[in-house]
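All figures in this text were calculated on a predicted structure; none of them were measured in a lab. All residue numbers in this chain count up from 1 along the given sequence. Hydrogens, waters and symmetry mates play no part in the numbers below; they use all other heavy atoms, side chains included.
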Amino acid sequence: QVQLVESGGGLVQPGGSLRLSCAASGFTVSTSAMSWYRQAPGKQREWVARISITGSPLYADSVKGRFTISRDNAKTVLYLQMDSLKPEDTAVYYCHVVATMYWGQGTQVTVSS
């Protein structure tokens with residue numbers, strides 16, 4: 001049974017940092033492309049970052065240079081390091097196994113002074 005459990009969200013001031021984690025089970029993280037998405041109140045869910053099977057990252061323009069996606073294959077965990085956070089980054093963040101129906105339950109990130 002595939003499970004994805006996000007953690008690491010919270011309240012942070014503008015300019016601050018957070019690291020999100022997505023603990024995966026029931027499949028092999030190292031042989032799966034995975035993504036982070038986010039959904040702000042009243043908005044559609046949007047793609048944030050993706051890491052390929054070979055470890056190559058891709059980022060949405062809105063987070064490029066500020067966010068870093070990575071994974072620990074041994075621990076089967078996907079990460080999203082978020083630096084220089086802005087109020088517009090406020091959203092629920094979800095991890096997703098690319099081209100599957102598998103999503104985590106989400107973790108709330110709030111950027112506010």
Side-chain angles (χ1 to χ4, degrees):
Q1 181 181 354
V2 174
Q3 272 197 316
L4 300 168
V5 180
E6 299 97 334
S7 61
L11 173 64
V12 63
Q13 292 188 341
S17 297
L18 283 174
R19 189 176 79 158
L20 305 184
S21 299
C22 172
S25 61
F27 69 102
T28 305
V29 170
S30 61
T31 59
S32 302
M34 298 188 70
S35 285
W36 285 98
Y37 283 74
R38 66 187 181 186
Q39 187 166 18
K43 294 188 176 182
Q44 288 189 328
R45 190 174 296 189
E46 65 171 351
W47 171 74
V48 173
R50 181 182 189 269
I51 187 165
S52 72
I53 294 172
T54 59
S56 297
L58 284 173
Y59 301 97
D61 287 344
S62 59
V63 306
K64 198 173 295 182
R66 300 188 299 120
F67 289 12
T68 303
I69 188 171
S70 63
R71 67 176 177 228
D72 184 325
N73 290 336
K75 296 181 180 179
T76 66
V77 180
L78 177 72
Y79 300 103
L80 185 68
Q81 176 68 41
M82 306 187 296
D83 300 315
S84 302
L85 282 162
K86 305 175 181 180
E88 50 263 44
D89 295 318
T90 295
V92 178
Y93 284 71
Y94 301 89
C95 62
H96 171 60
V97 185
V98 174
T100 74
M101 56 183 273
Y102 302 119
W103 293 84
Q105 83 291 348
T107 185
Q108 175 70 47
V109 172
T110 302
V111 184
S112 175
S113 55

How close do Leu18 and Gly8 get, heavy atom to heavy atom, and via which atoms?
CD2-O, 3.8 Å

Note: Gln39 and Lys43 closest approach over all heavy atoms is NE2-O, 3.1 Å

With rounding to the nearest 0.5 angstrom, report the OG to CD1 distance, Ser30 to Ile53.
9.0 Å

Please identify each residue that fulfils side chain to side chain contact (heavy atoms under 4.5 Å, CB included) with Ser70, with sequence neighbours left out.
Tyr79

What ring pair (Phe, Tyr, Trp, His ring centres under 6.0 Å) pairs are there with at least one residue in residues 86-111, not counting sequence neighbours?
Tyr37-His96, Tyr37-Trp103, His96-Trp103

Can you tell if the side chain of Ser7 reaches within under 4.5 Å of the side chain of Thr107, non-hydrogen atoms only?
no

Atom OG in Ser32, atom CD1 in Ile51: separation rounded to 0.5 Å?
11.5 Å

Contacts of Ser112 meeting side chain to side chain contact (heavy atoms under 4.5 Å, CB included) (sequence neighbours excluded), chain-then-number -> Leu11, Thr110

I need the minimum non-hydrogen distance between Gly9 and Val109, along with the two atoms involved.
CA-CG2, 4.1 Å

Who are the side chain to side chain contact (heavy atoms under 4.5 Å, CB included) partners of Ser56, not counting sequence neighbours?
Ser52, Thr54

Let me check something: do Trp47 and Met101 share a hydrophobic cluster, defined by ILVMFWY side-chain heavy atoms less than 4.5 Å apart, either directly or through other members?
no

Contacts of type side chain to side chain contact (heavy atoms under 4.5 Å, CB included), residue Ala23, not counting sequence neighbours
none

Under 3.5 Å, sequence neighbours excluded: what are the donor-acceptor pairs made by side chains of residues 82-92?
| from | atom 1 | to | atom 2 | distance (Å) |
| --- | --- | --- | --- | --- |
| Asp83 | OD1 | Ser17 | OG | 2.7 |
| Asp83 | OD1 | Gln81 | NE2 | 2.9 |
| Asp89 | OD1 | Arg38 | NH1 | 2.9 |
| Asp89 | OD1 | Arg66 | NH2 | 3.0 |
| Asp89 | OD2 | Arg66 | NH1 | 2.8 |
| Asp89 | OD2 | Arg66 | NH2 | 3.4 |
| Asp89 | OD2 | Lys86 | N | 2.8 |
| Thr90 | OG1 | Pro87 | O | 2.9 |
| Thr90 | OG1 | Val111 | N | 2.9 |

Which pair of heavy atoms, one from Met34 and one from Val97, lies closest together, and at what distance?
CE-CG2, 4.1 Å

Give, for atom SG of Cys95 and atom CG of Leu78, the distance between the pair rounded to the nearest 0.5 Å.
6.0 Å

Decide yes or no for Leu20 and Phe67: does some side-chain heavy atom of the first lie under 4.5 Å from some side-chain heavy atom of the second?
no

Are any non-hydrogen side-chain atoms of Tyr59 and Thr68 less than 4.5 angstrom apart?
yes

Just by modelled atom types, is the Gln105 backbone N or O under 3.5 Å from a matching donor or acceptor in the Glu6 side chain?
yes

